[in-house]
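A quick write-up on the structure given underneath.
Proteins get letters first, then strands, A, B, ... in listed order; numbering begins at 1 in each.
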Amino acid sequence: MSFPSVQDQLTVIKRGTVEIVPEDELIQKLETSKKTGKPLTIKLGCDPTRPDLHLGHSVILRKLRQFQDLGHQAILIIGDFTALIGDPSGQNKTRPPLSTEEININAKSYLDQAGKILDLDKLRIVYNSDWLGEMNFEDVIRLSSKLTVARIIERDDFSKRYNNNEPISLHEFLYPLAQGQDSVHLKSDVELGGTDQKFNLLVGRHLQQQNDQPPQVCLMMPLLVGTDGSQKMSKSYDNYIGIDENPNDMYGKVLRIPDDLIYSWYELLTDIDEKELPEYKKKAESDPRNTKHELAHHITQMYHGETAADEARRYFEQTVINKEIPDDADVLSFPPGSTHRLLDIIAQAGLTSSNGESKRLMKQGGVSLDDVKITDKNFELKIESGSEFHLKVGKRNFAILKAEN
RNA sequence: GGGGGGAUACCAAAGUGGCCAACUGGGGCAGACUGUAAAUCUGUUGGCGUAAGCCUUCGCAGGUUCGAAUCCUGCUCCCCCCA
């Protein structure tokens with residue numbers, strides 16, 4: 001196996017990376033690997049409690065993919081055993097454990113989605129129940145003796161919860177140990193994680209040293225800021241863009257991010273060449289509108305291809321900029337001569353979740369028929385033979401109403 | 001084991017017998033403005049109903065009362081202090 005030069009590898013590895021602990025060890029490992037032709041073992045743990053991957057997850061998955069492309073051995077750990085605990089990192093609550101079936105279903109769905117980013121043919125996939133599930137109580141006690149309480153409660157999320165009088169269950173303390181044990185078992189050279197994983201990654205290093213192994217290098221990626229522009233992308237904040245999301249939504253959502261996110265998204269989410277990044281930084285400031293369009297197109301293209309991305313741009317221009325009804329809007333047919341309350345039509349089309357919501361929207365001017373706002377909640381629509389109406393509810397729900405032929 | 005405090009809508013947090021579908025803030029949604037946003041301003045934020053009104057909701061289960069988120073009983077969960 002021949003690898004690119006250490007310098008070239010480093011350039012790729014360091015893109016977007018927040019911290020490498022310690023960097024000189026990484027360089028050493030890369031040098032040895034190049035000399036001996038032996039790939040490094042790169043470990044990434046995934047949490048099968050959340051089946052839906054979003055662009056936030058893609059940051060780290062892309063980093064793993066880069067290691068794959070450099071010729072190293074990527075290992076994806078399905079944390080089916082650690083899911084019994086639920087990673088307390090960044091949480092302010094204890095997580096409810098999932099059942100085994102749920103975890104299995106989620107793990108499968110995770111792989112389906114991660115396959116869009118990783119090279120599955122070269123990926124080694126392991127389940128940590130294979131070794132963690134084999135440990136008996138004595139093993140656990142021995143393992144727990146390797147970490148002090150002082151060390152663990154100095155962790156930000158724990159100390160915060162503790163000081164806020166929020167509950168912390170004892171088993172949550174075991175999470176970092178379990179994750180660290182994964183590193184020992186796999187003899188990993190590098191472990192990837194978000195910045196919120198720093199503590200867990202360092203415990204892995206610590207445990208490997210305790211087991212007379214060369215300690216892993218910890219590589220931290222930033223947490224992608226979500227579409228709201230303030231918090232990390234996360235399903236629970238509803239500021240995410242799913243990897244599986246349809247092209248139109250993906251494009252529209254990217255376009256709605258705050259301007260000052262543009263550059264970091266370019267850096268973390270696209271495969272634009274490192275050398276071109278500074279140029280994009282300038283463009284993001286001088287011409288945010290077009291640069292963001294380009295970003296939206298680029299990201300959509302990565303997951304859905306060129307044609308779909310073009311189509312998504314067109315859809316956006318049509319529906320949002322020109323405020324026209326999309327070509328593929330649902331069509332509802334009514335017998336000619338019949339009369340219907342608009343309220344009922346909206347309900348029938350499933351454009352809102354309740355009649356109350358429909359009434360509210362109408363009152364507030366959020367419902368229009370052929371570009372005319374309908375504010376009377378009792379508005380009745382008569383369908384004549386051959387008539388056609390364009391119905392818009394809220395910012396982006398549409399339907400075409402037609403007379404039956 | 002003992003003592004004290006707490007559980008309210010998406011989140012935070014008022015309310016302590018009728019004026020409570022429940023103050024307020026955040027978030028969300030909608031409108032105006034825009035570049036698609038952000039910022040700002042406005043409105044809105046349980047369900048059904050054209051409406052009057054009805055139904056469901058304040059940890060869970062019962063009870064008192066004409067009437068309960070508010071009082072009583074039991075239960076569950078959480079936090080703090082002491083041991």
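- Side-chain atoms of A/Arg341 lie closest to B/U50 of the nucleotides B/U50, B/A37, B/G47.
- In this structure, the nucleotide among B/A37, B/G49, B/G35 sitting nearest to the side chain of A/Arg289 is B/G35.
- Residue A/Ser354 places its side chain closer to B/C48 than to any other of B/C29, B/C48, B/G35.
- For the C1' atoms, the distance linking B/A68 with B/U73 amounts to 15 Å, nearest Å.
- Nucleotides of RNA chain B nearest to A/Ile321 and A/Asp344 differ in position, and the one nearer the 5' end is that of A/Ile321.
- When the C1' atom of B/A38 is taken as reference, atom CZ of A/Arg256 falls 13 Å away, rounded to whole Å.
- Here A/Lys363 does not reach the OP1 or OP2 of B/U45: none of its side-chain N or O atoms lies under 4.0 Å away.
- Here the side chain of A/Lys323 is nearest to one of B/U50, B/U34, B/G31, namely B/U34.
- Residue A/Arg360 places at least one side-chain N or O under 4.0 Å from the OP1 or OP2 atom of B/G47.
- The CD-C1' distance, from A/Glu285 to B/A37, rounds to 17 Å in whole Å.
- A cation-pi arrangement is absent between A/Lys382 and A/Phe334, since the terminal nitrogen or guanidinium carbon is not both under 6.0 Å from the aromatic centre and inside a 45° cone about the axis.
- In this structure, CD of A/Glu357 is placed 12 Å from P of B/G31, rounded to the nearest angstrom.
- Between B/U50 and B/G43, the distance separating the two P atoms is 27 Å to the nearest Å.
- Computed from coordinates, the A/Lys253 NZ to B/G28 C1' distance equals 14 Å when rounded to whole Å.
- Between the side chain of A/Gln213 and the main chain of A/Val184, a donor-acceptor pair closer than 3.5 Å is present.
- Looking at A/Asp259, its side chain comes within 3.5 Å of the base of B/G35 through a donor and an acceptor atom.
- If you measure from atom NZ of A/Lys359 to atom P of B/G47, you get 10 Å, rounded to the nearest angstrom.
- For A/Ile374 and B/U50, the CD1 to P distance is 18 Å, given to the nearest whole Å.
- Look at OH on A/Tyr237: it is 14 Å from P on B/G27, rounded to the nearest Å.
- Between A/Glu172 and A/Arg155 there is no salt bridge, since none of the side-chain N atoms of the basic residue sits less than 4.0 Å from a carboxylate O of the acidic one.
- Remark: A/Asn355 is in phosphate contact with B/G49, judged by side-chain N or O atoms under 4.0 Å from OP1 or OP2.
- Distances were taken from every side-chain heavy atom of A/Gln364 (C-beta onward) to each of B/U34, B/G35, B/A30; the shortest belongs to B/A30.
- Taking a cutoff of 4.0 Å between a charged side-chain nitrogen and a carboxylate oxygen, A/Asp371 and A/Lys323 do not qualify as a salt bridge.
- Between the base of B/G31 and the side chain of A/Lys395 there is no donor-acceptor pair shorter than 3.5 Å.
- Among the atoms of the strands shown, none is found under 4.0 Å from any heavy atom of A/Leu343.
- A straight line from CG of A/Asn239 to P of B/C29 spans 12 Å, rounded to a whole angstrom.
- Defined by atom type and a distance below 3.5 Å, a donor-acceptor pair is missing between the side-chain atoms of A/Gln73 and A/Asp189.
- As judged by a 4.0 angstrom heavy-atom cut-off over every strand, A/Lys292 is placed among the base-contacting residues.
- Counting only distance, with no hydrogens or angles, the side chain of A/Gln208 and the backbone of A/Ser183 share a donor-acceptor pair below 3.5 Å.
- Regarding contacts with the backbone of B/A51, a side-chain N or O of A/Lys377 is found under 4.0 angstrom from either OP1 or OP2.
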